[in-house]
Asker: 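Sharing a structure below in structure tokens format, with a few things to ask.
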Amino acid sequence: MVNEKTMLSVNTPTEENDVFWMKHALSLADKAEAIGEVPVGACVVINGAVVGEGWNTPIRDHNPTAHAEIHAVTQAAKHIQNYRLIDATLYVTLEPCSMCAGMLIHARVKRVVFGAWDAKTGSAGSVMNLLQHPALNHQAEIVSGVLADECAEKISAFFKKRRQEIKAAKKAKRAQQQD
């Protein structure tokens with residue numbers, strides 16, 4: 001569970017452009033939501049330019065690895081023609097899970113900037129901090145909580161809407177069965 005001590009230990013100062021790029025990641029999250037996916041967006045930035053973008057597509061693609069971070073890093077690696085993204089910053093609207101955190105370590109991403117904490121699967125300080133695990137051969141700089149309220153609200157609103165849709169469908173099914 002996220003606590004103040006954990007948040008302070010993984011949080012480094014935000015850079016001037018962190019808010020700008022997080023807004024871009026939020027716009028990518030809208031693309032996920034438009035196709036019925038959990039609204040998470042990510043972009044990879046090197047030297048002030050986007051080199052990779054992604055949004056969640058695991059439901060559409062029938063692929064549990066189709067997270068926003070995976071798409072963005074894959075696109076970035078192809079763009080620079082190197083699987084190591086040594087000078088890259090990943091911006092993502094939700095704290096990376098352990099799968100994505102492991103991939104970010106393998107890619108040698110320099111900075112990971114995220115918006116909302118993920119108390120269930122977060123691996124950048126919530127459940128664990130895989131991105132800065134001392135036993136690993138690379139540790140990423142972590143900046144947490146950039147536009148946290150907007151990022152968290154986007155995800156909360158999505159799940160609230162989904163719960164309402166499920167409830168309405170169940171109600172309609174019961175009404176149909178009574179006819």
Asker: If I take atom NZ from residue Lys120 and atom CD from residue Glu95, how far apart are they, to the nearest 0.5 angstrom?
Answerer: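 Here the interatomic distance stands at 13.5 Å.
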Asker: Are Leu147 and Val45 connected into the same hydrophobic cluster when the rule is that any two of I, L, V, M, F, W, Y join if their side-chain heavy atoms are below 4.5 Å apart?
Answerer: yes
Asker: Extract all donor-acceptor atom pairs below 3.5 Å that involve side chains of residues 32-44 and protein atoms in other chains or at least two apart in sequence.
Answerer:
from	atom 1	to	atom 2	distance (Å)
Glu37	OE1	Ile59	N	3.2
Glu37	OE2	Ile59	N	3.0
Glu37	OE2	Arg60	N	2.6

Asker: What pairs with His138 under side-chain contact (heavy atoms from CB on, under 4.5 Å), at least two apart in sequence or on another chain?
Answerer: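 Partners of His138 by the side-chain contact (heavy atoms from CB on, under 4.5 Å) criterion, ordered by chain and then number, come out as Ile105, Arg108, Ala140.
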Asker: Excluding sequence neighbours, so at least two apart, what forms side-chain hydrogen bond (donor to acceptor under 3.5 Å, both in side chains) with Thr121?
Answerer: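 Once residues adjacent in sequence are excluded, the partners of Thr121 under the side-chain hydrogen bond (donor to acceptor under 3.5 Å, both in side chains) criterion are Asp118.
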Asker: Could you measure the distance from the CG atom of Leu94 to the SG atom of Cys151? Nearest 0.5 Å is fine.
Answerer: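 Taking CG in Leu94 and SG in Cys151, the distance rounds to 8.5 Å.
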Asker: Same cluster or not: are Met103 and Leu85 linked, directly or through other Ile, Leu, Val, Met, Phe, Trp or Tyr residues, by side-chain heavy atoms under 4.5 angstrom apart?
Answerer: yes
Asker: Going hydrophobic residue to hydrophobic residue with side-chain gaps under 4.5 angstrom, can you get from Leu26 over to Val50?
Answerer: yes
Asker: Going by side-chain contact (heavy atoms from CB on, under 4.5 Å), name the residues that satisfy it together with Lys170, two or more places apart in sequence or in a different chain.
Answerer: Ile166, Arg174
Asker: For Ser123, check side-chain contact (heavy atoms from CB on, under 4.5 Å) against everything at least two apart and list the hits.
Answerer: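 Ser123 satisfies side-chain contact (heavy atoms from CB on, under 4.5 Å) with Ser98, Ala101, Met128, Leu130 only.
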Asker: Applying side-chain contact (heavy atoms from CB on, under 4.5 Å), can you list everything that pairs with Lys161, at least two apart in sequence or on another chain?
Answerer: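 Listed in chain order: Glu165.
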Asker: Say you draw a straight line from CG of Asp61 to CG of Asn56; how long is it, rounded to the nearest 0.5 Å?
Answerer: 10.0 Å
Asker: When rounded to the nearest 0.5 angstrom, what distance separates OG1 in Thr93 from CG in Leu28?
Answerer: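 Rounded to the nearest 0.5 Å, the OG1-CG separation comes out at 9.0 Å.
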Asker: Which residues pass the side-chain hydrogen bond (donor to acceptor under 3.5 Å, both in side chains) test with Ser27, not counting sequence neighbours?
Answerer: none
Asker: According to salt bridge (charged side-chain N to carboxylate O under 4.0 Å, His left out), who are the partners of Asp30, at least two apart in sequence or on a separate chain?
Answerer: Lys154
Asker: Please set out all donor-acceptor pairs under 3.5 angstrom arising from side-chain atoms of residues 66-84, sequence neighbours excluded.
Answerer:
from	atom 1	to	atom 2	distance (Å)
His67	NE2	Pro64	O	3.4
His71	NE2	Thr57	OG1	2.7
Thr74	OG1	Ile70	O	2.7
Gln75	OE1	Glu53	N	2.8
Asn82	OD1	Arg84	N	2.9

Asker: So with a 6.0 Å cut-off around NE2 of His133, is the heavy-atom count from everything else above 12?
Answerer: no
Asker: If you round to the nearest 0.5 Å, how far is NZ of Lys110 from OG1 of Thr89?
Answerer: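 Reported value, rounded in 0.5 Å steps: 7.5 Å.
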Asker: Check whether any side-chain heavy atom of Asn129 lies under 4.5 Å from a side-chain heavy atom of Ile142, and answer yes or no.
Answerer: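 A side-chain contact under 4.5 Å exists here.
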Asker: Between Ile86 and Ile46, is there a shared hydrophobic cluster once you connect ILVMFWY residues whose side-chain heavy atoms come closer than 4.5 Å?
Answerer: no
Asker: Could you go step by step and tell me if Arg111 and Asp18 meet the side-chain contact (heavy atoms from CB on, under 4.5 Å) rule?
Answerer: CA-CA 11 Å; Arg111 294 177 75 232; Asp18 287 349; 2.9 Å; yes
Asker: Looking at every heavy atom in both Ala88 and Val109, which two are closest together, and how far apart are they?
Answerer: O-CG1, 3.6 Å
Asker: Restricting to side-chain hydrogen bond (donor to acceptor under 3.5 Å, both in side chains), what partner residues turn up for Asn17, sequence neighbours left out?
Answerer: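 Asn17: no side-chain hydrogen bond (donor to acceptor under 3.5 Å, both in side chains) contacts found.
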Asker: Determine the minimum heavy-atom distance between Gly48 and Trp21, stating which atoms define it.
Answerer: O-CZ2, 3.5 Å
